Structure formats: structure tokens, C-alpha cells
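These notes are about the structure you will find just below.
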Amino acid sequence: MELEGKVSLVTGASRGIGRAIALKLANLGSKVAVNYRSTEASNKADAANVVESIIRLGREAMPVEADIRDGEAVKTMVEQVIAKWDKIDILVNNAGINRDTLLLRMSDDSWDDVLNTNLRGAYLCTKFAVRYMMRQEWGRIINISSVVGRVGNAGQSNYAAAKGGIIAFTKSIAREMGSRNITANAVAPGFIVTEMTNKLPPERRESMLAMIPLQRLGQPEDVAELVGFLATERAGYITGQVITIDGGAFP
Ligand code: NAP
């Protein structure tokens, strides 16, 4: 119950890594706003399931719909959380997409969509949430980057640019916000089993597995453990860092 009394906002929390993070923060005692994007009826139902699971844990939760590419929607989302719980202590910028293709085949739309979701979305959410953290002189910003943002990957130049941008963004806001007792860190997962990676061909999974010293693919809960720790008081002297969680593939 290390996060009792805290309020968290997790983007893209209806499934995958975001869902596991929302549940972990709730397990640690936090109230959790579960962001989802209403593109399909299933997203709303998935977000509602996460909210119900948190309530079953005996914690408070609320679903908040917003497409994080849209500044007005993000502003409204943050205001909804403030209206209900009066503060935001922990922001996890998790929502992300990939549109993988080689550079010469990449459409401008693929480039823009990945940059707008993975980088601009994190910028917008941070900008609107951080003012409440500054007011109370306590905050945690945890950005989900990727090992690809550290080392690059053929066929993912848009995704790598966005995830590398997240790292530079994190380091900059850590410097800007340190005097207000707000930490900002990036988490760089390797291959984690979610819908994002389930669509990859089996041979790509096998080749990834062969690179992992711990000899297993990661689970969303592995990432959630690290994010949960970074949100606590125990991580209060860690800021501006990129922490890789990839079974040892890219030390
Ligand atoms: P996922 O299963 O595809 O889930 C992504 C989540 O982000 C979904 O809930 C999705 O909602 C949401 N989202 C996408 N665009 C959004 C938008 N514009 N506004 C609000 N929500 C939006 O992916 P995941 O594997 O859990 O990935 C979570 C994060 O970890 C991403 O940032 C990803 O880049 C990063 N990551 C993943 C891996 C991996 O191996 N899985 C590795 C490194 C980093 P919709 O249903 O509306 O699309």
C-alpha cells in the first residue's frame, strides 16, 4: 500500500502493458484513471473491465476517454481526473502504436501517426498533468520508451525516432522539474507479449527469443513491476534515467 492516497493516470490502459501498469499501481494503493481511445466498442469494454478489476481490489478507478494525439481531448481528460480526485501524482505515458515498414516504403501518414501518438501524445499529457504536480511539489512521470529507441531497428525508423525522442524528452523534463520534487524516468522494454507483438510473424518471435539471455519473452507484468517501483517513495532519488527491461538482450 505504498501508493495509498496517490492518484495515477495511465494512458492506453485498456490492454497490454498499460493494463498491467494500472492494476499494479492500484495494487500498491493508488486510485487510477484508466485512459482509453474510443475507436471501437471493445476499447470501452476493455477499459471498463480494467476499472472493475481495480474496484474489486478495493481501490478507486475511473475510465477516461481521450485520443492522446488531440490536445483538447487530453486537456479535458486531465480536468476530469482533477474534478474527481483533485490531483494527479503519477502519470504513466504508455499509449503507443507501431506502423513498421522500411524507410523507402514509409508513407508520411505512418511517420506522422507514430510520432503524433508516441511522442506528441506524451508531450501533451505531461504538459497538462505536470502543473498539478508542480502545485503540490510531488510527482512521478514515467514514460514507456523501448529498447528500439536506444539501439534502433531496421523497419522501425518512425517508432525508433519517437521512442528515442521520448528518452530525450524525459531527460529534459527531469532537469526542468527536479526542483519541484518531480521525477521523470523512461522505461525501455524489449520484447513483451501483447497485441502489439502478437501480430509479428512467428520467425521474428523466435529470432528475438534467441537474443534474450533469460530465454523468455517479457510479460506486461514484468514492466508493471518496474513502473510500480518508480512510482514509489523508494525511487525518489532516481530521475532522468532510462531503465531497460528486456531479459538482458540489449545491455
Ligand atoms: P498494445 O497492446 O497495442 O496497447 C497499446 C495501447 O495504447 C492500447 O490501449 C491502445 O488503444 C492505446 N493507444 C494507441 N493509440 C492511442 C491514442 N491515440 N490515444 C489513446 N490511447 C492509444 O501495446 P503494448 O504492447 O501494451 O504497448 C504499450 C507501450 O509499450 C507502447 O508505448 C509501446 O510502444 C511500448 N512498448 C511495447 C513493447 C512490446 O514488446 N509490446 C516493447 C517496447 C515498448 P487502442 O485500442 O485504441 O489502439
Side-chain angles (χ1 to χ4, degrees), residues 9-24 33-51 63-74 76-78 91-100 110 112-125 142-153 156 158-167 169-170 186-200 204-205 208-209 211-212 216-224 226-227 242-247 249-250:
L9 169 60
V10 184
T11 65
S14 58
R15 57 188 162 88
I17 295 171
R19 177 181 189 277
I21 290 170
L23 291 170
K24 182 70 204 174
V34 175
N35 163 251
Y36 69 100
R37 174 176 62 152
S38 176
T39 41
E40 292 168 30
S42 65
N43 293 359
K44 194 170 186 172
D46 289 347
N49 279 338
V50 177
V51 167
V64 275
E65 181 192 334
D67 183 330
I68 58 155
R69 295 170 297 184
D70 175 351
E72 275 307 309
V74 170
T76 304
M77 168 175 73
V78 167
L91 170 67
V92 184
N93 285 309
N94 165 79
I97 59 164
N98 61 336
R99 300 273 181 272
D100 299 352
S110 293
D112 289 346
D113 206 15
V114 168
L115 268 289
N116 283 339
T117 305
N118 297 8
L119 188 55
R120 185 174 196 267
Y123 145 73
L124 288 170
C125 294
I142 302 161
N143 295 324
I144 307 302
S145 176
S146 165
V147 286
V148 169
R150 281 183 43 225
V151 302
N153 196 19
Q156 289 197 302
N158 50 357
Y159 186 78
K163 293 301 189 182
I166 281 287
I167 290 172
F169 175 66
T170 305
V187 168
F191 195 111
I192 310 296
V193 179
T194 67
E195 279 182 39
M196 184 179 274
T197 45
N198 284 344
K199 60 191 178 194
L200 296 172
R204 178 102 178 264
R205 288 167 75 97
M208 280 303 305
L209 190 54
M211 293 171 68
I212 300 174
R216 68 171 178 87
L217 301 175
Q219 295 298 324
E221 291 71 23
D222 293 317
V223 181
L226 174 57
V227 173
V242 187
I243 303 173
T244 297
I245 175 159
D246 68 347
F250 297 98

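The basis for the numbers below is simple: all heavy atoms, side chains too, and nothing from hydrogens, waters or symmetry mates. Each ligand, and each atom within it, is numbered from 1 in the order the structure gives. These figures come from a predicted structure and were not determined experimentally.
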Give yes or no for whether the N/O distance cutoff of 3.5 Å, strictly under, is met between Ile192 and ligand 1.
yes
Between ligand 1 and Thr197, is the shortest N or O to N or O distance under 3.5 Å?
no
Passing option when Arg69 is tested against Asn116, Asp112, Asp113 for side chain to side chain donor-acceptor pair (under 3.5 Å):
Asp113
[X] neighbourhood, listing ligand 1 atoms whose heavy-atom distance to it stays under 4.0 Å:
X      : value
Phe191 : 40 (O)
Pro189 : 42 (C), 43 (C), 44 (C)
Asn43  : 45 (P), 46 (O), 47 (O)
Gly96  : 5 (C), 7 (O), 14 (C), 31 (C), 32 (O)
Arg69  : 18 (N)

Would you say [X] and [Y] make side-chain contact, with heavy atoms under 4.5 Å?
X      : Y      : result
Leu217 : Ile212 : yes
Ile192 : Thr197 : no
Ser145 : Arg150 : no
Ser38  : Asn43  : no
Tyr36  : Asp46  : no
Thr170 : Val242 : no

Looking at [Y], is its backbone amide N or carbonyl O close enough to the side chain of [X] to form a donor-acceptor pair, meaning the two atoms are under 3.5 Å apart?
X      : Y      : result
Thr11  : Asn94  : yes
Asn143 : Ala186 : no
Asn35  : Gly12  : yes
Thr244 : Asp246 : no

For [atom], grab the closest protein heavy atom and report residue, atom and distance to one decimal in Å.
atom                    : value
atom 48 (O) of ligand 1 : Arg37 NH2, 2.8 Å
atom 1 (P) of ligand 1  : Arg15 NH1, 3.2 Å
atom 44 (C) of ligand 1 : Ser145 O, 3.2 Å
atom 33 (C) of ligand 1 : Tyr159 OH, 3.4 Å
atom 30 (O) of ligand 1 : Ile144 CG2, 3.3 Å
atom 12 (C) of ligand 1 : Gly12 CA, 3.7 Å
atom 21 (N) of ligand 1 : Ala95 CB, 3.6 Å

Minimum non-hydrogen distance to [atom], winning option of [options]:
atom                    : options                     : result
atom 42 (C) of ligand 1 : Ala47, Ser146, Gly190       : Gly190
atom 29 (C) of ligand 1 : Ile17, Asp70, Asn94         : Asn94
atom 9 (O) of ligand 1  : Ser14, Cys125, Ala20        : Ser14
atom 14 (C) of ligand 1 : Ile68, Asp67, Ile97, Asn118 : Ile97

Could you see which bit of [X] sits under 4.0 Å from ligand 1, with heavy atoms only: side chain, backbone, both or neither?
X      : result
Asn35  : side chain
Ala66  : backbone
Thr194 : side chain
Lys163 : side chain
Pro220 : neither
Tyr36  : neither

Calculate, to the nearest 0.5 Å, the distance between atoms CG and NZ belonging to Asp100 and Lys199 respectively.
7.5 Å
How close do Asn158 and Leu115 get, heavy atom to heavy atom, and via which atoms?
O-CD2, 3.5 Å
Could you walk me through whether Lys163 and Asn153 pass side chain to side chain donor-acceptor pair (under 3.5 Å), step by step?
CA-CA 11 Å; Lys163 293 301 189 182; Asn153 196 19; over 6 Å; no
